[in-house]
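First comes the structure, then the notes that go with it.
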Amino acid sequence: MVALETVFELLGNERRRYALYYLYERDGPVAIEDVVETVERWEADGEGVGLEDGSFEEIALELQHRHLPRSAEVEFVQYDPNQNVVQITGSPPEFDAFVTIAKLLESPGE
């Protein structure tokens, strides 16, 4: 079981939330590059315009050094910076419910 406060903290930042939405829908390890590309695309779509040059690198750095390590503090997010992969596995029902509802409400990439 994960504390509700922890779930809210994980979903409290848009960039981290987008990464978690993407990871939640995937089975097995996902390359960090794939996560970054998806987050970049969803952020650009949400603004209705493309992002600035260098946004891929900015997103990659922020995810790799801030958001993915923070997410990996919970037992169901595994982040391996040496292999450049991350995955969600065995997530608790509390997380499943909130991430599903949040993604439906926010609808990134649509």
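Position 1 is the first residue of the sequence; numbering continues from there.
The two residues Leu63 and Ala19 make their nearest non-hydrogen contact at CD2-CB, 4.0 Å. In this structure, Leu10 and Phe76 approach most closely via the heavy-atom pair CD1-CZ, 4.2 Å. Val7 and Val2 make their closest contact through CG2-CG1, 3.6 Å (heavy atoms, listed as atom of the first residue, atom of the second, distance).
For the residue pair Gln64 and Tyr79, no side-chain donor N or O sits within less than 3.5 Å of a side-chain acceptor on the partner.
In this structure, Val86 and Val77 have side chains that are in contact, with non-hydrogen atoms separated by less than 4.5 Å. Taking the side chain as every heavy atom from C-beta outward, Val30 and Gln87 never approach each other to under 4.5 Å.
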Between Phe98 and Leu11, is a side-chain contact (heavy atoms from CB on, under 4.5 Å) present by the stated rule, with each step listed? CA-CA 9 Å; Phe98 281 103; Leu11 298 176; 4.0 Å; yes

Could you give me the CA-CA distance, side-chain angles and deciding distance for Ile88 and Phe95, then say whether side-chain contact (heavy atoms from CB on, under 4.5 Å) is met? CA-CA 11 Å; Ile88 292 177; Phe95 178 79; 4.1 Å; yes

Determine whether Lys103 and Leu20 satisfy the following criterion, side-chain contact (heavy atoms from CB on, under 4.5 Å), listing intermediate values before the conclusion. CA-CA 10 Å; Lys103 185 169 189 257; Leu20 291 170; over 6 Å; no

Phe56 vs Val36, side-chain contact (heavy atoms from CB on, under 4.5 Å): CA-CA, chis, key distance, verdict: CA-CA 7 Å; Phe56 182 90; Val36 173; 3.3 Å; yes

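We find that Arg15 and Glu40 are not joined by a salt bridge, their nearest charged nitrogen and carboxylate oxygen being 4.0 Å or further apart. Salt-bridge formation is not detected for the pair Glu62/Arg16: no Lys NZ or Arg NE/NH1/NH2 atom is positioned less than 4.0 Å from an Asp or Glu carboxylate oxygen.
Ser91 pairs in a side-chain contact (heavy atoms from CB on, under 4.5 Å) with only one of the listed residues (Val74, Leu23, Asp96), which is Asp96.
Hydrophobic clustering, with ILVMFWY side chains joined whenever heavy atoms are under 4.5 angstrom apart, groups Phe8 together with Tyr24.
Panel note: side chain Tyr21, backbone Ala102; a donor-acceptor pair is recorded below 3.5 Å.
Going from atom CD of Gln78 over to atom CG of Leu68 covers 12.0 Å, rounded to the nearest 0.5 Å.
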